Amino acid sequence: MTLGKASVSGSKRVGKPSQGVTRENARRAYRLMLEARVLEEKLAVLYRSGKIVGGVFLGRGQEALSVSLGVHLRKGDIYAPLIRDQAGRMAFGDTILDTLRTYLGSSLGSMRGRDGNIHRGRPAEGYHAMISHLGAMVSTVCGGLMAKRMRGETGAVGATCIGEGGTSTGSFHEGMNLAGVEKLPIVVVVANNQFSYSTPNERQFACADLLSRAEGYGVMGRRAVGNDLIDCLGVIGEAVSSARSGEGPQLVVADLLRLVGHGEHDDASYIPEFLKMSPLGEDCLDLARTKMLEIGWLSDDEVTDWQKIIEKEVEENASKVLREPAPDPSEEDWNAFSSLDPQQKQHLQTGGRQ
Amino acid sequence: MTLGKASVSGSKRVGKPSQGVTRENARRAYRLMLEARVLEEKLAVLYRSGKIVGGVFLGRGQEALSVSLGVHLRKGDIYAPLIRDQAGRMAFGDTILDTLRTYLGSSLGSMRGRDGNIHRGRPAEGYHAMISHLGAMVSTVCGGLMAKRMRGETGAVGATCIGEGGTSTGSFHEGMNLAGVEKLPIVVVVANNQFSYSTPNERQFACADLLSRAEGYGVMGRRAVGNDLIDCLGVIGEAVSSARSGEGPQLVVADLLRLVGHGEHDDASYIPEFLKMSPLGEDCLDLARTKMLEIGWLSDDEVTDWQKIIEKEVEENASKVLREPAPDPSEEDWNAFSSLDPQQKQHLQTGGRQ
Amino acid sequence: MSNITYLEAIRLAQQRVLHEDPRVFIYGQDIGVFGGAFKATKNLAKEFPGRVLDAPISEDAMVGLAIGAAVEGMRPIIEMQFADFSTCGFNQIVNQAATLHYRTGTSCPLVIRLPSGGTPGGGPFHSQSMEAIYAHYPGLIVMTPATVEDAYTMLLEAVAIDDPVIFCEHKFLYYHLKADRLPETVLPFGKARIARQGRDVTVVAYSAMVHEALAAAEELTHDGYDIEVVDLRTVRPIDTDTILASVARTGRLLVVGEAWPWGGVAAEVISRVATEGFGLLDAPPQRLNAKETPVPYHPALWGTHRPTASSVANSLRQLLEL
Amino acid sequence: MSNITYLEAIRLAQQRVLHEDPRVFIYGQDIGVFGGAFKATKNLAKEFPGRVLDAPISEDAMVGLAIGAAVEGMRPIIEMQFADFSTCGFNQIVNQAATLHYRTGTSCPLVIRLPSGGTPGGGPFHSQSMEAIYAHYPGLIVMTPATVEDAYTMLLEAVAIDDPVIFCEHKFLYYHLKADRLPETVLPFGKARIARQGRDVTVVAYSAMVHEALAAAEELTHDGYDIEVVDLRTVRPIDTDTILASVARTGRLLVVGEAWPWGGVAAEVISRVATEGFGLLDAPPQRLNAKETPVPYHPALWGTHRPTASSVANSLRQLLEL
Ligand SMILES: Cc1ncc(C[n+]2csc(CCOP(=O)(O)OP(=O)(O)O)c2C)c(N)n1
Ligand SMILES: Cc1ncc(C[n+]2csc(CCOP(=O)(O)OP(=O)(O)O)c2C)c(N)n1
Ligand SMILES: [Mg+2]
Ligand SMILES: [Mg+2]
């Protein structure tokens, strides 16, 4: 077992086991991974049965990496998860209920049917709701951290995830560079799952190692084994505490594989068999369970119990949400503006007078 | 004297004197630098006397770096110079006449008064006309190279320059990354003159060395001494021949100082004295002359002669252009479209019917 | 051939230009072996090796690349994965592609394909209609085909034109529309089409809204009205002559657009008719657009956000009473 | 105080909000010690340490940063060095800032200052007027002050508003306009101003074009005409009521905009008046806009490209004959 086996490029090299990994942490993380997995399986079923429209985008195979960022964050931090972060979201306080509500468009969900699926958050609580345009959330998190700094609030970090494909966007670059210039306590985790949609890495970037970009941004870089929960917890734990203690932006790059299509409409047939059979293709949930059973942090019975409890919770929430009201177009406040008084709002509508 | 003293990051390290530097090359380069310098001094005068409106943006102090790229290019190559590349432009075939015409808005210039100053080029001849938005030309050059590759044309390279400030743009990043992915024969020269307009490097990027970005793009990186003509000729010569011989994209980073304001309206008082007094602040023309006199590649008389000839040529061209017709608004083809027939063109105008 | 979808027409047009014109290549995310998010390039990478290429997620660089290639004489087609992501290539489109010919005299023949418009569950970032944004810029041609036939012929035309063309293809029409065969003859470039003849009101529409307008017109036959529907086909240029001739016959005008109202196609059309055909109007011209919020995710909200046959019919009834 | 320029009014407004509201900070290229490309933040970095910050050349990240800070309760002001460069931050503006409140219920109070419009020798990339592009998007407020007084009070207002505001300040007015003192009272948000009363034609204008319209109106007094000039002040929202009331008095409408015509402010205003005030018009409404090319560099071309007092006067004469 490699506790906190972090390969650090840049100024610092860390060898000792990380404080980021504790029995509690790991157990909590594992349970959240299970929760995400079971919930996402339900989402897939709801999609296939036509209850969810548009699309369903799952994080299967990426739960260990995702959750490891989430569990190291706390209230007051800022978190902008991306596509494959169901597990991290749950760790940051998102719920089975609100996930289902958002996917199903319930008017009681945080997005009230206005936005859906992974475009979900509660920005006022530090939980940013991603826009689709990849890379855009890096600088948004930076802005939140600037605000905290200006108000003299210390100790908070900001965090976001992105796929390796998203690193090709100008937005990602500008955000990373700005984070470096402003020396912000941000942790950016790159989930290199070898494909962006169907596009393999050789059509996405030409560097041997995405981690080599850390130096160019003047930020600390760390590598994690993307499907190894204990490694991820350790490495990301260090990154988060580095950021928290004022050492500036942190980039974590982790290799892994998504064990599912880009969305549920996609059979991912472009992922070659040999990759699936490689260590990258090992399911992080299986890996984590085996390891944690081995060191006695988990028992088989517990896993079975948790699985049952979670399945029940997911089913109950799903049937509840399926009965919840859809948003009513005639009740909808068809107005994009904020706190202007109603007369001003009326005034703002182009066609509202017709 | 350091012939071809190139510090190469990445896979290759080159120690031997470069073929890029020859007596002929260096003499041609020096003369072009002088031409650029004298011409730009005239532009400044024309600006101060109100003959040029808008702005004048000079490359004083950056001629060595700029010209070194230009002289290594040949017909059939693609070149997208940026703000401070008067010298490189002349090397690529731009003329004193067309520079003056463009700055003065003559209807006989290549831009016909429609665009001005540094926004000058003849794209059909491989000489791209920069748009102001920094970073944008990297991918445009890539596109030209893709076209050549698809047509089976080999041996051509593409080249562009950018300031260190421009490397913060998303556009630069996307262009560099794409160049890496497509393994294009492009040479990108970063002129790190320590300031972007008034902004010092510590507010522009956080890395210790911009050259460290080469690895992240999977491209070869080289460093040049930005105000040392012989060094620049050597290093850029190598970069260009690497690109030409199929070794993929090349990044050259050179430190230097601009010895003038961002534009002629700017007194550059934000550049601290100590920097001006440092080796960075040495005038590349002086340095080149001293070195070349030393090794006998140039004589004092020649320099005096050239200076005189150039001054005369610049003056003659200036008085000629000052008498040339301004564009006539009533003759102007107020139409942004290309080769559509006149009736279609008319058709395309929103307000043309009024 | 039979049962050719709007999507397949786009694929076939691309196949044809790749076949006939060695200057054509296609660049876009996932368009290679995968055939594109919507399969508009299915099998083309195999049929035309090296000419249908997967791009990195770099819309700005994709457009920049197309510009550079166009300058060198190629005819690139850029596929944006969704129209909404073209905002990330916006600068290159409006400041480099659109200005190149006027500034330098060199033309910039490229096509940017924008899978546009709303679908159920698409939400704010996979549903946008950006034609008005691009049409604002001199130097850009903006096409908005509404039929399988036009999807095919106009894409051929787009590739043939020496200027940058923004090709707004509607995702909702991809599978919904079918045709038996592809056309041999084509309306001239920039010409609008009378999609339905009528004498009581002129409805001007484009893209998916043509079909909502046609359905509304059908509905109004039950009320005894005879509605004319004009399909703009291209929104820059706009074929003002055809619109004016129609309004001259009907005296009444409703313009329908799926995009937001402020400065949209509807505003532009009404402005032209009011300016140039004021005397032809028997009643105030009207417009019907999307509601003024981001495009909502839930199908129930989305169905109200965009104009539909029934809201077009309502607008028509109101207009007929003015 | 005396001889306060439009530019100085902007500086003073920023000074005031920095002073009064700890949530305000300014982020933009060269705005720190240097005081900005146009000196709109001169001395502010010194007076408010850590709150007036030089940004890297990263428009996308600058806007993203502002959004994140706004979500956290701050009131950021972003200075674009020129409006033209905001295209590089376009995606964050229209897809993140503009949608945030509708999507999430969290407001996004930020101000993006766009030094806009043409000046002699500015050329295609330092002259653009982008108000119509931003106004197309629900969720953005777009201000276009035409006077020193408005530059001051509207910027205060922009900072106070809970929504993203695109503040289009006109570079040509920076030094040209002067006022003796700054106003104490303000027109309500979104209200247009009758800049000149008249009975023969209503000219609707905004930003620099208000002054061309006023000069044209003055010129037409020699022909015995009495021209009313309405200054829109904000272009989203548009104060349709004030426009309609004016047209009700004059019966004739000319709308003048410095931007391109297709889908511009003029198109939007004419569309509203035709739709809602058709019966008030005694003649076809008209518009006058920039010519449909990039903004040319040479002053002679530029002077013809944009509407001027004399071309406005010409349009007025034509309109008076209709
Ligand atoms: C700017 C932008 N362009 C295109 C897309 C469409 N798109 C959505 S996900 C995706 C692939 C993302 O790949 P990656 O970043 O590696 O994340 P992964 O899906 O592998 O987790 C693409 C191209 C987008 N969301 N944003
Ligand atoms: C995208 C973009 N934003 C802002 C500007 C305005 N601008 C013009 S030059 C300049 C500074 C450029 O600095 P650098 O790239 O270092 O080049 P240098 O002027 O030092 O040669 C800026 C900010 C621009 N041209 N493009
Ligand atoms: Mg990926
Ligand atoms: Mg610089």
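This is a predicted model, so every value here is computed, not measured. Every chain is numbered from 1, with letters handed out A, B, ... down the list of sequences.
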**Message:** For B:K51, is the NZ atom crowded, meaning more than 12 foreign heavy atoms sit under 6.0 Å from it?
**Reply:** no

**Request:** Nearest 0.5 Å please: distance from the NE2 atom of D:H298 over to the CG atom of B:D115.
**Result:** 13.0 Å

**Prompt:** Looking only at heavy atoms, what is the nearest atom pair of B:G166 and D:I57, with distance?
**Reply:** N-CD1, 4.1 Å

**Request:** Without swapping roles, check the side chain of B:R203 against the backbone of D:D54 for a donor-acceptor pair under 3.5 Å.
**Result:** yes

**Value rounded to 0.5 Å, distance of OG in B:S168 from CD in D:E59** = 10.0 Å

**Message:** Is there a side-chain contact between B:N335 and D:K291 in this structure, where contact means two heavy atoms from C-beta onward sitting under 4.5 Å apart?
**Reply:** no

**Message:** How about NZ on D:K46, more than 12 heavy atoms from neighbouring residues, nucleotides or ligands closer than 6.0 Å, or not?
**Reply:** no

**Asked** When rounded to the nearest 0.5 angstrom, what distance separates OH in D:Y297 from CZ in B:R112?
**Response** 15.0 Å

**Asked** In Å and rounded to the nearest 0.5 Å, what is the OG to CG distance from B:S198 to D:D30?
**Response** 3.5 Å

**Request:** For B:H265, look at atom NE2 and say whether over 12 heavy atoms of other residues, nucleotides or ligands are found less than 6.0 Å away.
**Result:** yes

**Message:** At a heavy-atom distance under 4.5 Å, which candidate from D:G121, D:A61, D:C88, D:G123 has the highest pair count against chain B?
**Reply:** D:G121

**Request:** Examine whether an atom of D:V295 lies under 4.5 Å from a heavy atom of chain B, and if so say whether it belongs to the side chain, the backbone or both; otherwise answer neither.
**Result:** backbone

**Request:** Report the relative orientation of the aromatic rings in B:W334 and D:H305; use parallel for angles under 30°, tilted for 30 to 60°, perpendicular for over 60°.
**Result:** tilted

**Complete:** Rounding to 0.5 Å, atoms OG1 (D:T87) and CD1 (B:I131) come to a distance of 7.5 Å

**Asked** Contact part of D:A267 toward chain B, heavy-atom cut-off under 4.5 Å: side chain, backbone, both or neither?
**Response** neither

**Item:** Which atoms of B:N117 approach chain D - backbone, side chain, both or neither, heavy atom under 4.5 Å
**Value:** both

**Item:** chain D contact via B:H119 - which portion, at a heavy-atom distance below 4.5 Å
**Value:** side chain

**Asked** If you look at every heavy atom in D:F125 and B:M130, which pair is closest and at what distance?
**Response** CE1-O, 4.4 Å

**Complete:** Among B:S132, B:S171, B:G54, B:G170, the residue with the most heavy-atom pairs under 4.5 Å to chain D is B:S132

**Prompt:** Can you find a heavy atom in the side chain of D:F85 that is under 4.5 Å from one in the side chain of B:H133?
**Reply:** yes

**Asked** Can you find a pair of side-chain heavy atoms, one from D:F34 and one from B:T199, that are under 4.5 Å apart?
**Response** no

**Message:** Once rounded to the nearest 0.5 Å, what's the spacing between atom OG of D:S58 and atom NE2 of B:H173?
**Reply:** 11.5 Å

**Asked** Any idea which of B:G105, B:P200, B:G113, B:G55 has the most non-hydrogen atom pairs under 4.5 angstrom with chain D?
**Response** B:G113

**Request:** Sort B:Y270 into side chain, backbone, both or neither according to what part of it lies under 4.5 angstrom from a heavy atom of chain D.
**Result:** side chain

**Asked** Is any side-chain heavy atom of D:L301 less than 4.5 Å from a side-chain heavy atom of B:E332?
**Response** yes

**Request:** For each of B:G135, B:S196, B:S106, tally heavy-atom pairs with chain D at distances under 4.5 Å, and name the one with the top tally.
**Result:** B:S196

**Asked** With a 4.5 angstrom heavy-atom cut-off, which part of B:I52 approaches chain D: side chain, backbone, both or neither?
**Response** side chain

**Complete:** Heavy-atom nearest pair, B:P329 first then D:T304, reads CB-OG1, 3.0 Å

